[in-house]
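I have placed the structure first, in the form of structure tokens, so that the comments after it can refer back to it.
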Amino acid sequence: PGLDLVALLLAAGNPVRWRVLRMLATEGPLSVTDLAARTNRLQHSMTKHMQVLRAAGAVVMGGRHGRRRAETVSRAAAGLPARRRERQGN
């Protein structure tokens with residue numbers, strides 16, 4: 001299944017989730033605990049934000065980050081800018 005752009009845009013429209021996406025895209029996989037600390041949010045709140053991003057297809061559970069599971073930007077979401085540039089060039 002492809003990426004639902006409407007769901008992605010709705011999920012990324014929240015300032016906290018947008019910040020998380022930017023961190024994951026530039027820094028690589030991070031745990032929910034790390035993301036919560038770096039955004040000054042409770043872990044429970046960050047877990048909810050990550051559920052929204054996962055449901056939209058923006059992030060996936062990656063490997064381990066220390067002893068914790070890490071979140072990472074999904075391949076589909078990471079590939080959006082490249083595909084868009086390709087279309088503009090055609």
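When all heavy atoms of Ala7 and Ala56 are compared, the closest pair comes out as O-CB, 3.6 Å. When all heavy atoms of Leu30 and Leu24 are compared, the pair lying nearest together is N-CD2, 3.7 Å. Taking all atoms of both residues into account, the shortest heavy-atom contact from Leu8 to Ala58 is CD1-CB, 3.4 Å.
Note that OG1 of Thr39 and CE of Met23 are 5.5 Å apart. Values are rounded to the nearest 0.5 Å. Distance CE/Met50 to OG/Ser45: 11.5 Å, rounded to 0.5 Å. Atom CZ of Arg17 sits about 9.0 Å away from atom CG of Leu21, to the nearest 0.5 Å.
Applying the salt bridge (Lys or Arg N to Asp or Glu O under 4.0 Å) test to every pair with at least one member in residues 35-56, sequence neighbours left out, gives these pairs: Glu27-Arg38, Arg54-Glu71.
Taking a 4.5 Å side-chain heavy-atom cut-off between Ile, Leu, Val, Met, Phe, Trp and Tyr, the cluster of Val52 contains only that residue.
Under the side-chain hydrogen bond (donor to acceptor under 3.5 Å, both in side chains) criterion, Arg19 pairs with no residue at all, not counting sequence neighbours.
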*Assess whether side chain to side chain contact (heavy atoms under 4.5 Å, CB included) is satisfied between Val20 and Met46, documenting all intermediate values.*
CA-CA 9 Å; Val20 165; Met46 185 53 61; 3.8 Å; yes
